[in-house]
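Below is one structure, written out as structure tokens; the observations come after it.
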Amino acid sequence: NGPRLSVVAEQAKVVSSRGGNATLPCKIQRDQSLAPNRKMRIKWTKLTSDYLKEVDVFVAMDYHKRSYGRFHGRVYLQGSSPMDASLVITEITLEDYGKYKCEVIDGLEDGTAVVSLDLQGVVFPYYPRLGRYILNFYDAERACREQDAVVASFDQLYDAWRGGMDWCNAGWLSDSSVQYPITNPREPCGGKNTVPGIRNYGLRDKEKNHFDVFCFTSNFKGQFYYLIHPSKLTYDEAVKACQKDGAQIAKVGQMYAAWKLLGYDRCDAGWLADGSVRYPISRPRRRCSPTEAAVRFSGFPDKKHKLYGVYCFKGHN
């Protein structure tokens, strides 16, 4: 005599991108012998990366429906049939990434299913102007947010490593572990005779420990571009030049997203909002990142130097 109610997700993972929509599948299978129940309750929650907490997303019981917190007004049940508990999320944000739980309670019977929402995007290592290994976990969250990104998850870093990412500085991930991806083992990076993989320092103290960070960003709504300007600019002039063009100086995450998701390619070093100078190369050539497609980094120069152009970003809301 099996359960009289079960809940199934036909796909364990759904992929979307920032600004897009997604339907998280959840179907109710109910034994015919159960009397019809108008008080069947459907509840969606988001699981935190450590599974310790659940964040309320949406609850429905009969005609009562409610969405919570930052999901308010962006989520609803697909409701293609009375047995369809699938959740539609609209205007997806970077923070929506993660695992969701669909729970159905029908009298004494209940069932759950878990679905992951994955976003297409790009992972990039980051440290601020002040230098290496100075970010505690909360600083790291803020640093990514300031670059139009969020702290990357282990799965996102793993996907980036499989795509060839090789980076020898340890950075925070969203579960508060500290790790770094190595595709080309060498002495200073865990040893030459080690296998490629993600080196893991384990979970670290969010307040006391200091590292760099791996950030994740996804598609943007707007235009990222190199500003054509008659002269090279200091940092302050660069900020003003973008404003004069009806834009803002671009953020590091916007450059990575344009490079990875739109194939943006420009061999001119330009200021970005954090005071760094970078340029995105998607077609490697002799004088521009000859060996690999990459966002090239020229450091954090003196902001008074008139040596660089500027990358701007115009948001379309």
Side-chain angles (χ1 to χ4, degrees), residues 11-17 47-52 94-95 97-99 114-128 131-141 143-144 147 149-218 252-253 255-257 259-261 276 278 280-282 284 289-297:
Q11 278 165 276
K13 184 164 92 173
V14 173
V15 182
S16 187
S17 58
L47 305 172
T48 52
S49 56
D50 52 14
Y51 288 98
L52 292 178
L94 296 175
E95 291 78 13
Y97 170 89
K99 289 188 163 62
V114 174
V115 187
S116 296
L117 174 61
D118 205 355
L119 300 182
Q120 73 168 15
V122 56
V123 171
F124 59 97
Y126 187 77
Y127 67 91
R132 297 244 96 124
Y133 288 11
I134 60 164
L135 302 171
N136 74 17
F137 181 77
Y138 304 105
D139 300 330
E141 286 187 311
C144 288
Q147 300 317 317
V150 291
V151 180
S153 71
F154 173 77
D155 288 340
Q156 287 167 335
L157 183 67
Y158 180 77
D159 286 344
W161 169 75
R162 284 185 53 191
M165 182 184 251
D166 183 279
W167 192 255
C168 196
N169 295 287
W172 289 104
L173 295 177
S174 59
D175 61 359
S176 82
S177 69
V178 171
Q179 315 202 28
Y180 63 100
I182 295 296
T183 47
N184 169 27
R186 50 204 184 276
E187 247 357 287
C189 312
K192 201 161 58 193
N193 301 320
T194 53
V195 292
I198 295 180
R199 313 277 185 255
N200 185 356
Y201 288 3
L203 298 176
R204 290 301 170 112
D205 186 304
K206 290 182 175 184
E207 293 275 359
K208 296 193 186 109
N209 290 147
H210 296 83
F211 295 95
D212 293 348
V213 62
F214 290 98
C215 303
F216 173 84
T217 193
S218 180
V252 177
M255 177 177 279
Y256 270 96
W259 166 74
K260 178 82 174 177
L261 304 169
S276 65
R278 305 176 197 241
I281 299 296
S282 56
S289 185
T291 57
E292 57 175 353
V295 169
R296 306 307 293 188
F297 174 55

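Quick caveat, the model's predicted, so the values are computed rather than measured.
- Smallest separation of non-hydrogen atoms from Ser289 and Pro284: O-CB, 3.2 Å.
- Contact annotation: the side chain of Ser276 approaches that of Phe297 to within less than 4.5 Å [non-hydrogen atoms, C-beta and beyond].
- When all heavy atoms are compared, the tightest approach of Pro185 to Thr194 is CG-O, 3.2 Å.
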Give the C-alpha distance, both sets of side-chain angles, the deciding distance and a yes or no for side chain to side chain donor-acceptor pair (under 3.5 Å) between Asp175 and Ser177.
CA-CA 6 Å; Asp175 61 359; Ser177 69; 2.7 Å; yes

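- Nearest heavy-atom pair, Leu135 versus Ala143, reported as atom, atom and distance to 0.1 Å: CD1-CB, 4.3 Å.
- Annotation: the span from Trp161 atom CH2 to Phe154 atom CZ amounts to 8.5 Å, rounded to 0.5 Å.
- Nearest approach of Tyr201 to Ala170, heavy atoms of both residues: CE2-CB, 3.5 Å.
- Taking CH2 from Trp167 and CG from Leu157, the interatomic distance works out to 12.5 Å, rounded to the nearest 0.5 Å.
- Put simply, the side chain of Tyr127 does not reach to within 4.5 Å of the side chain of Asn169, judged on heavy atoms.
- At least one donor-acceptor pair closer than 3.5 Å links the side chain of Gln147 to the backbone N or O of Val252.
- Within 6.0 Å of atom CZ in Arg162, 12 or fewer heavy atoms from other residues, nucleotides or ligands are found, so the atom counts as exposed in its surroundings.
- Judged by distance alone, the side chains of Asp155 and Ser153 never bring a donor and an acceptor atom under 3.5 Å apart.
- One N or O on the side chain of Asp139 and one on the backbone of Asn136 form a donor-acceptor pair closer than 3.5 Å.
- You'll find the side chain of Val178 stays beyond 4.5 Å of the side chain of Leu173, heavy atoms only.
- Val115 and Gln11 get closest at one heavy-atom pair: CG1-O, 3.8 Å.
- The disulfide bond (SG atoms under 2.5 Å apart) contacts involving residues 174-214 comprise Cys168-Cys189, where partners must be two or more places apart or lie in separate chains.
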Audit row: Gln156, Tyr97, side chain to side chain contact (heavy atoms under 4.5 Å, CB included) steps and yes/no:
CA-CA 10 Å; Gln156 287 167 335; Tyr97 170 89; 3.3 Å; yes

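- The two residues Phe214 and Cys144 have their closest heavy-atom pair at O-SG, 4.2 Å.
- Contact check for Val151 versus Phe216: no side-chain heavy atoms found under the 4.5 Å cut-off.
- With rounding to the nearest 0.5 Å, the separation of CD1 in Ile198 from CD in Gln179 is 6.5 Å.
- For the atom pair Tyr256 OH and Leu261 CG, the distance stands at 13.0 Å (nearest 0.5 Å).
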Can you check side chain to side chain contact (heavy atoms under 4.5 Å, CB included) on Tyr138 and Lys206, steps first, answer last?
CA-CA 7 Å; Tyr138 304 105; Lys206 290 182 175 184; 3.4 Å; yes

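- The aromatic rings of Tyr126 and Phe124 stand perpendicular to each other, their planes meeting at an angle above 60°, with 30° marking the opposite boundary.
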List the steps and the verdict of side chain to side chain contact (heavy atoms under 4.5 Å, CB included) for Val15 and Leu119.
CA-CA 5 Å; Val15 182; Leu119 300 182; over 6 Å; no

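- Applying the side chain to side chain donor-acceptor pair (under 3.5 Å) rule to Ser176 yields no partners; only residues at least two apart in sequence or on another chain are considered.
- Note: Lys192 NZ to Glu187 CD = 5.5 Å, rounded to the nearest 0.5 Å.
- Taking NZ of Lys13 as the reference point, atom NZ of Lys99 lies at 9.0 Å (rounded to 0.5 Å).
- Between Thr183 and Met165 the shortest side-chain heavy-atom distance does not fall below 4.5 Å.
- Judged by distance alone, the side chain of Arg296 and the main-chain N or O of Ala294 form no donor-acceptor pair under 3.5 Å.
- Residues Val123 and Cys215 form no side-chain contact, since every pair of their non-hydrogen atoms from C-beta on lies 4.5 Å or further apart.
- Within the 4.5 Å cutoff, side-chain heavy atoms of Asn209 are placed close to those of Trp172.
- Under the 4.5 Å side-chain criterion, counting only non-hydrogen atoms from C-beta, Arg199 is in contact with Ile182.
- Scored by the side chain to side chain donor-acceptor pair (under 3.5 Å) test, Ser17 finds no partners at all (sequence neighbours excluded).
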